[in-house]
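Read through the structure below, which is laid out as structure tokens, and then see the notes.
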There are 2 protein chains.
Amino acid sequence: MADIKSGVNLLFLREEELRQGIELLYFAYRDFTAEPDAILGDYGFGRAHHRVIYFVGRSPGITVSELLATLRITKQSLSRVLGQLVQEGFIVQTPGSRDRRQRLLELAPKGVELERMLTEKQRARFARAYREAGAEAVEGFRKVMLGLIDDADRRRFPARGADQRKRGEG
Amino acid sequence: MADIKSGVNLLFLREEELRQGIELLYFAYRDFTAEPDAILGDYGFGRAHHRVIYFVGRSPGITVSELLATLRITKQSLSRVLGQLVQEGFIVQTPGSRDRRQRLLELAPKGVELERMLTEKQRARFARAYREAGAEAVEGFRKVMLGLIDDADRRRFPARGADQRKRGEG
DNA sequence: ATTTTATGTCAGCCATGTTGACTTATATGC
DNA sequence: GCATATAAGTCAACATGGCTGACATAAAAT
């Protein structure tokens with residue numbers, strides 16, 4: 001244990017710690033997407049469809065532009081999957097009332113059901129992980145994850161304020 | 001604040017909390033892969049090449065089978081990218097001495113350099129996030145992430161034991 | 001000697017990203 | 001009102017990286 005505080009060893013631990021973070025993120029994301037992917041296959045859909053369904057379900061009335069900005073893909077890529085989802089009755093488009101060029105997107109009942117099925121798996125995964133880790137760990141998780149995300153997207157996640165549950169209040 | 005403890009509202013907060021987790025993971029992974037992807041483009045490589053280079057660099061002498069198990073892809077998929085990396089001198093293969101059917105993989109100097117360039121971006125991202133969040137948050141992050149990962153892969157992450165630095169020891 | 005295992009290969013398919021060029025409808029600014 | 005900008009969509013072509021299926025080779029294991 002003598003050399004554990006040597007510069008070299010501290011550097012090694014740091015490197016090891018960072019690599020572990022990288023791998024945790026890789027494996028977590030891989031496993032996190034696996035279950036929905038399997039369900040999507042039954043519908044002839046892929047992961048891209050899930051993302052669209054998810055964010056439309058999350059923000060009913062979202063415009064195509066907003067969706068593009070969220071997903072950071074081209075409109076041609078989005079068009080392919082969105083077109084299918086509209087065609088097959090999972091998503092409905094209605095012209096914007098203020099700006100009639102816009103197509104406001106929302107889930108049709110069929111889409112709501114599929115969204116629930118898909119996201120349920122991921123929600124369950126998080127529920128288990130959160131429960132096992134405890135509230136304090138969840139707070140740390142949030143902090144680190146926010147730090148990993150590009151500044152431009154952090155605003156999507158409101159800071160834990162007075163109107164939200166905090167440690168010890170529940 | 002009166003209804004904040006009502007069943008309905010607790011359910012809402014829980015749902016919101018879980019969705020936030022889902023989105024944190026989605027955005028973090030998306031941003032985490034963006035920088036290396038840009039560099040890979042300059043080499044005519046893709047994200048799949050990065051994964052191979054990463055895990056070979058991480059475990060020099062790893063066999064093709066082990067790599068397949070880690071990545072959870074088919075050997076045909078791996079073959080495509082691994083073949084290129086060997087062809088272009090980023091990875092070298094040497095027959096296993098105990099089992100000569102195996103091809104033990106390790107990075108050539110060129111591969112080491114590329115690996116460093118790619119992973120450096122991700123390491124820096126984690127270093128910043130960890131530093132900003134603090135040691136306690138990092139511990140929580142680890143706990144939650146481990147909980148998200150399939151049981152089969154958790155063994156890749158040794159529990160923080162006596163031979164590793166713990167809070168307050170450093 | 002047979003069977004199993006580790007690896008590689010050929011061929012083709014699918015999903016999902018990209019660029020580039022162009023259209024249409026509507027909103028906005030002068 | 002007219003010119004321009006914006007929201008959305010479309011067609012075409014291409015790249016990446018998954019997949020299945022079938023088959024080949026060499027070495028290990030039984």
Return the orientation label for the A/His49 and A/Phe45 ring planes: parallel under 30°, perpendicular over 60°, tilted otherwise.
parallel

Partner set under side-chain hydrogen bond (donor to acceptor under 3.5 Å, both in side chains) for A/Gln122, not counting sequence neighbours:
none

Just how far, in rounded Å, is C1' of C/dT16 from NZ of A/Lys75?
18 Å

Is any side-chain N of the basic residue among B/Arg123 and A/Glu17 closer than 4.0 Å to the acidic one's carboxylate O?
no

Could you pick out which residue, A/Gln102 or B/Asp99, lies toward the 5' side of DNA chain D when each is mapped onto its nearest nucleotide?
A/Gln102

What's the CZ-C1' distance between B/Arg72 and D/dG18, to the nearest Å?
15 Å

Does B/His49 place a side-chain N or O at less than 4.0 Å from the phosphate oxygens OP1/OP2 of D/dT16?
no

Is the phosphate of C/dT18 approached by A/Ser77 (side-chain N or O, under 4.0 Å from OP1 or OP2)?
yes

Closest to the A/Arg47 side chain, choosing from D/dC19, C/dT7, C/dT16:
C/dT16

Heavy atoms from C-beta onward define the side chain here; which of D/dG18, C/dT18, C/dT7 lies closest to that of A/Ile73?
C/dT18

Could you check how far CZ of A/Phe45 sits from P of C/dT16, rounded to whole Å?
10 Å

Rounded to whole Å, how long is the line connecting atom CG of B/Leu82 with atom C1' of C/dA6?
13 Å

Please tell me which of B/Gln84 and B/Arg100 maps to the more 5' nucleotide of DNA chain D, matching each residue to the nucleotide holding its nearest heavy atom.
B/Gln84

Are the charged groups of A/Arg154 and B/Asp31 less than 4.0 angstrom apart, N to O?
no

Checking contacts here: which listed nucleotide (C/dG8, C/dA11, C/dA6) is nearest the side-chain heavy atoms of B/Val64?
C/dG8

Nearest-angstrom distance from the residue atom CG of B/Asp37 to C1' of D/dG17:
12 Å

Can you check whether A/Thr74 has a side-chain N or O nearer than 4.0 Å to OP1 or OP2 of C/dG17?
no

Within less than 4.0 Å of OP1 or OP2 of D/dT6, is there a side-chain N or O belonging to A/Ser65?
no

Under 4.0 Å between any heavy atoms, over every strand shown, what does B/Arg80 touch: base, sugar-phosphate, or nothing? Just pick one.
base

Remember a base hit wins even if backbone is also touched, and classify B/Gln93 as base, sugar-phosphate or nothing at under 4.0 Å, heavy atoms.
sugar-phosphate

Which residue, A/Leu78 or A/Ser97, contacts DNA chain C at a nucleotide closer to its 5' end, judged by nearest heavy atom?
A/Leu78

How close or far is atom P of D/dC19 from atom CG of A/Leu40, stated in whole angstroms?
16 Å

Distance check needed: D/dG9 C1' versus A/Leu85 CG, whole Å only.
16 Å

Candidate list B/Thr63, B/Val64, B/Leu71, test side-chain contact (heavy atoms from CB on, under 4.5 Å), partner B/Leu67, passing option
B/Leu71

Atom CZ of A/Arg103 and atom C1' of D/dG9 are separated, to the nearest Å, by 8 Å

